Each structure stands twice: as structure tokens, then as C-alpha cells.
Amino acid sequence: MIRTRFAPSPTGFLHIGGARTALFSWAFARHHGGKFVLRIEDTDVARSTPEAVQAIIDGMNWLGLAHDEGPFYQMQRMDRYKEVLQQMLENGSAYYCYTTPEELEQMREDQRAKGLKPRYDGTWRPEPGKTLPTPPAGVQPVVRFRNLTEGTVAWNDLVKGRIEIANAELDDLVIARADMTPTYNFCVVVDDWDMGITHVIRGDDHVNNTPRQINILKALGADVPLYAHLSMILGDDGQKLSKRHGAVSVMQYDHDGYLPEAVLNYLARLGWSHGDDEVFSMQQFCEWFDLDHITPSAAQFNTEKLNWLNAHYLKQAEDERLARLVQPRLEARGVMVTVEPSLAAIIALYKERVSTLNELADAAEVFYIDLHPAHELVAQHVTAEAKPALADFLAGARTVTWEASAISALIKACIGKHGLKMPKLAMPLRVLLTGQTQTPSVDAVISLFPRDLVLKRLAAGGIE
RNA sequence: GUCCCCAUCGUCUAGAGGCCUAGGACACAACCCUUUCACGGUUGGUACCGGGGUUCGAAUCCCCGUGGGGACGCCA
């Protein structure tokens with residue numbers, strides 16, 4: 001049974017990189033009929049918040065990435081960590097270290113100055129025949145893992161291929177702080193072990209933790225899972241995404257008018273491919289997804305392509321569903337949506353030409369507000385030449401059958417009578433009725449309005 | 001500084017020695033459609049980081065450069 005996990009630390013929102021990691025872990029479990037576990041890594045008490053936990057869950061819900069087990073909270077597993085810690089202390093794979101943070105800081109500084117890799121010097125590490133220093137009074141020790149000093153740790157990374165690191169590169173990492181709370185690398189190991197995780201799919205930034213985790217796993221006699229390290233997602237400008245640079249919550253995409261299926265499809269294609277396929281459902285994705293076709297190199301986020309995908313999914317979406325998504329956006333702007341004109345009907349006409357829900361809201365808004373077309377536009381299009389034709393149109397509009405084809409016939413009759421070209425009448429109608437010069441075909445737009453509103457807006461424009 | 005990773009059009013990518021005078025998608029340009037603007041359709045331009053090998057043959061394998069990124073915490 002394949003078991004994957006998504007293990008965010010609740011120190012902020014779920015951003016696009018985390019979302020992709022979650023998506024791939026989820027899809028991999030789905031593909032193999034396995035389980036997808038959600039684990040909250042909240043051992044950094046100072047930075048973890050319940051709000052962040054909720055934000056992450058909200059993000060995953062919006063995307064529809066449902067977990068099969070969890071959420072498990074590491075803070076609730078302290079007893080288990082302490083139990084394992086005790087075993088390691090007893091069997092000699094871990095030891096107490098009395099070096100203070102200040103001494104460590106000094107040590108690192110000296111090593112850096114000499115051009116060496118900063119690392120713990122092993123003062124308190126027990127060795128056969130070695131006499132350990134006397135523990136200083138008043139110093140609470142930390143617990144360190146007694147790492148291997150010779151040989152290499154290697155694993156066959158499912159994305160990057162074989163990675164091999166000399167044990168000499170690894171120092172004895174702290175696995176429990178002075179207050180005996182366990183640290184990240186230790187909790188992860190115990191959790192992955194206890195939770196039976198078979199495939200660890202995570203960000204590239206964890207590659208360096210992997211050899212340490214493998215060594216601890218081995219010291220524990222646990223099975224080592226398979227690892228797949230996903231490369232990072234860069235911002236639109238090629239820069240690294242961070243809180244202060246471009247990284248935004250996936251919920252921001254909701255706010256900006258993107259459909260979750262568009263974001264999901266976009267993310268799926270970022271770093272993974274299936275031949276020339278670009279547009280596919282999550283069901284299709286889960287059928288196709290495997291770890292074979294993941295790119296090892298970093299990918300730059302491209303909003304243009306996301307926009308294109310979103311436009312595509314907008315066209316596919318049901319009008320009623322889109323209306324339900326657009327209505328609150330209009331209401332948030334203080335626009336009251338009424339039964340007439342029908343929001344779903346407006347959306348049906350406009351969804352072909354926009355790329356976000358917010359643009360759909362922009363288009364729909366003019367149907368509901370108290371419209372005041374810009375004076376320049378009115379002056380430009382409602383010309384002396386057009387006015388007689390507009391007056392005829394207004395007269396005809398009182399009785400014409402209220403449907404696009406009849407309205408179209410009326411418009412044609414008006415321009416025919418006055419010897420005008422289509423735009424000469426269509427443009428002022430657009431301006432007077434929507435305040436815009438770019439709309440779908442004018443007859444279709446007019447048929448969306450209740451007749452009274454058209455008469456009213458034309459009259460307000462001085463047409464009589 | 002040390003260790004690790006990465007490198008095909010502007011961007012996402014196909015490509016696992018001959019099918020590649022390098023394919024698709026976004027973006028871009030032109031044309032068509034449309035008596036508005038979009039949508040849609042057609043066409044087009046643009047890429048294998050550099051240098052050495054290996055091989056009959058390399059975008060694909062190896063080495064060295066170069067460039068980019070990551071990690072070196074009692075953070076996760």
C-alpha cells in the first residue's frame with residue numbers, strides 16, 4: 001500500500017509551491033490507490049498558529065485535495081518522540097551535549113573564517129576509549145544524534161536520480177532541544193516511520209535533510225521510504241518566491257478570480273508532463289500521474305498561461321455555477337444583483353471573452369449599477385449624425401419583440417433609413433447602455449436588459 | 001567558503017544515441033472570421049549554455065568549465 005503525506009508547518013498560508021507538493025503527493029496516492037496523509041508540523045511553537053493551520057486546510061479544501069488520514073499534529077505526539085529519544089539514548093545512537101549555543105556560535109564563526117563548513121566538533125560525542133569532559137554545572141544539555149562518520153549515505157531520488165553524500169559531511173545534529181522538545185528532523189523520521197509513509201514527496205530544499213533522516217531511520221531499524229524531491233517554483237520574474245517577494249496564498253487566486261480546476265491544471269503541468277497534453281481533468285491527471293515525468297529543474301511561474309487555462313475553464317463552466325461565484329464578488333463591490341437582468345444570461349454571453357471571474361464581474365456590473373457613461377465617450381459617439389437613428393431605435397424599442405434577432409432587425413432598419421454604417425449606431429448604443437465601447441454583439445447585449453432599462457438609459461442619454 | 005542540485009524557444013515543456021533540417025502549449029506577429037472588441041481558425045519567427053571526449057552517429061552518455069539555485073540552526 002502506497003502512503004504519501006503532506007507535512008506543512010503552520011507558519012503562514014498555503015502558497016503555490018506547497019500546493020503543488022500537496023497536489024503531487026495526493027495524485028500519487030490516488031494513482032496507486034494508496035493513502036494521502038496530512039500532518040501538521042507544529043513543533044516550532046513560537047511561529048505556529050491555529051490560524052495558519054486553518055489557512056492551509058482552507059487552501060487544500062478550495063483545491064479539493066482531500067486527505068485520507070489526519071490531520072496529525074506533532075505537538076500531540078510528544079510522548080512518542082520522547083519514548084524513541086529515550087531508546088536512542090539507551091542504545092547509544094544519541095547522546096547529551098553540553099555545548100552552549102554561544103559556544104556553538106563561536107565555533108561556527110571560527111570555522112567559517114577558516115573556509116570550513118560549519119559543524120559541531122563532537123566534544124561530547126562518546127567514542128570507545130574516549131573520556132568525556134565533566135558536564136558543566138547549570139547547563140541543560142541537548143540531545144544529539146550520533147551520526148556515522150565513515151562511508152556514504154545514498155538514495156535513489158525518484159526525481160533527481162541517485163544522490164550520494166559522504167557521512168563525513170554530516171555532523172551530529174540536535175534531535176532534542178535543551179527543554180527536551182524534539183526537533184524537526186527527528187519528528188519527521190519518527191512520524192514517517194510510525195505512519196508507514198512509503199513515498200516522501202517534498203520540496204527540493206529538503207534534499208540536505210534526507211541523508212540525516214536516512215541515518216536516523218537506519219539507527220532506529222526502520223524501513224527507509226522512497227524520496228522524491230520536487231524542485232522549486234520561481235516567481236513570474238524568475239526570482240525565488242518568498243513572503244516578501246511574490247509568494248501568495250492559493251486563496252489569493254480564488255480572490256483574484258481563478259477557478260480551482262484552472263489552478264490545479266496549471267500546477268500539474270508545472271514540472272510534470274504527459275507528452276503534449278496541456279488541458280486535462282484531475283481524474284485524468286490521477287490516472288496519468290507517476291513520478292517518472294517530473295522535471296528536476298526549477299520552474300518559473302507564468303501568469304499568462306494560468307490566465308489562458310482559466311479562460312478555458314470559464315468557457316467550459318456552467319453559467320449557473322459561474323453566477324454563484326460572481327454574485328458575491330459583485331455584492332462585495334456594493335452592487336445589488338437583481339433577478340432582471342439575469343446574471344446567468346449575462347455570464348453566458350460574456351464568459352467567452354474573459355479570463356477571470358473578476359473580469360466577468362466587471363462586465364456584469366454595468367447591468368446593475370446606476371450608469372453614468374463618460375462624457376468624452378458620449379460626445380465622441382452620440383453624434384448629431386447618430387441621434388436621429390438613435391431616436392428611431394428608441395421609438396422602435398418600445399414595441400419590438402424583445403429578442404436579439406428582432407432587435408438586430410430593428411437596428412438594421414434604423415441604419416438603413418439614415419444611410420449609416422453599423423458602427424455609427426452600434427457604438428453610441430454600447431456607450432449609452434453599458435458605458436463601454438467594447439462589448440459582445442450589440443443586439444445580444446441589448447436583449448439581456450429588461451426593455452424598460454434600455455428605454456431609461458437611452459432617455460438619460462438625451463435620446464427622445 | 002564547503003557540500004548538494006540544476007541547465008532545450010521569452011515561459012512551461014516533449015525528447016531516455018539515429019524517428020530532430022528539435023515537437024506541443026502560453027506569449028508574440030500576420031492573415032481569416034467579426035461593419036466594435038474579444039473568442040475561434042490558419043500561418044509564422046524564436047531554443048539544445050561553452051569546450052573537450054565516447055560513438056559510424058549526441059539535445060540525449062562521460063569529463064571540465066560557466067551560469068543559476070539550495071543547504072550548512074537548540075527553524076521547519
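Here is the naming used below: chain letters follow the sequence lines, and residue numbers restart at 1 for every chain. Note that the structure is predicted; figures quoted are calculated from it, not measured.
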Q: Apply salt bridge (Lys or Arg N to Asp or Glu O under 4.0 Å) to residues A:Asp204 and A:Lys160 and explain how you reach the verdict.
A: CA-CA 10 Å; A:Asp204 206 324; A:Lys160 294 175 185 291; 3.2 Å; yes
Q: Hey, does A:Pro118 reach any base, or is it just sugar-phosphate, or nothing, if we go heavy atoms under 4.0 Å?
A: base
Q: Is A:Arg321 paired with A:Glu261 through a side-chain N to carboxylate O contact shorter than 4.0 Å?
A: yes
Q: What interatomic distance, in whole Å, is found between P of B:U11 and the corresponding atom of B:U55?
A: 35 Å
Q: With a non-hydrogen cut-off below 4.0 angstrom, is A:Ala299 in contact with a base, only sugar-phosphate, or nothing?
A: sugar-phosphate
Q: Between A:Met107 (CE) and B:C74 (P), how many Å, whole number?
A: 11 Å
Q: For a quick check of understanding: with a heavy-atom distance under 4.0 Å over all strands, which category does A:Val174 fall into, base, sugar-phosphate or nothing?
A: sugar-phosphate
Q: Under 4.0 Å, heavy atoms only, any strand: does A:Ser48 hit a base, just the sugar-phosphate, or nothing?
A: nothing
Q: Select base, sugar-phosphate, or nothing to describe what A:Thr210 touches, counting heavy atoms under 4.0 Å on all strands.
A: nothing
Q: Take atom P in B:C4 and the same atom in B:U46, then report the distance between them in whole Å.
A: 40 Å
Q: Could you check whether A:Thr100 gets within reach of a base, just the sugar-phosphate, or nothing at all, counting any heavy atom under 4.0 Å?
A: base
Q: When we call it a touch if two heavy atoms are under 4.0 Å apart, what does A:Glu169 touch: a base, just sugar-phosphate, or nothing?
A: sugar-phosphate
Q: Once you apply a heavy-atom cut-off of 4.0 Å, does A:His293 come out as touching a base, just sugar-phosphate, or nothing?
A: sugar-phosphate
Q: So A:Ser231, base contact, sugar-phosphate only, or nothing? Heavy-atom distance under 4.0 Å.
A: nothing
Q: May I ask you to say what A:Arg119 touches in the nucleic acid, namely base, sugar-phosphate or nothing, with a heavy-atom cut-off under 4.0 Å?
A: nothing
Q: Output the rounded distance in Å from CG (A:Asp192) to C1' (B:A76).
A: 14 Å
Q: Does B:A76 have OP1 or OP2 under 4.0 Å away from a side-chain N or O of A:Thr43?
A: yes
Q: Assign A:Pro440 to base, sugar-phosphate, or nothing according to its heavy-atom contacts below 4.0 angstrom with the strands shown.
A: base
Q: Taking N and O atoms by type only, does the side chain of A:Asp205 place a donor or acceptor under 3.5 Å from a partner on the base of B:G70?
A: no
Q: Classify the nucleic acid contact of A:Asp171 as base, sugar-phosphate or nothing, counting any heavy atom under 4.0 Å across all strands shown.
A: nothing
Q: Base, sugar-phosphate, or nothing: which does A:Lys114 touch, judged by heavy atoms less than 4.0 Å apart?
A: nothing
Q: Send over the distance from A:Gln438 CD to B:U35 C1', rounded to a whole Å.
A: 15 Å
Q: Regarding A:Ser273, tell me which of base, sugar-phosphate or nothing describes its non-hydrogen contacts under 4.0 Å with the strands shown.
A: sugar-phosphate
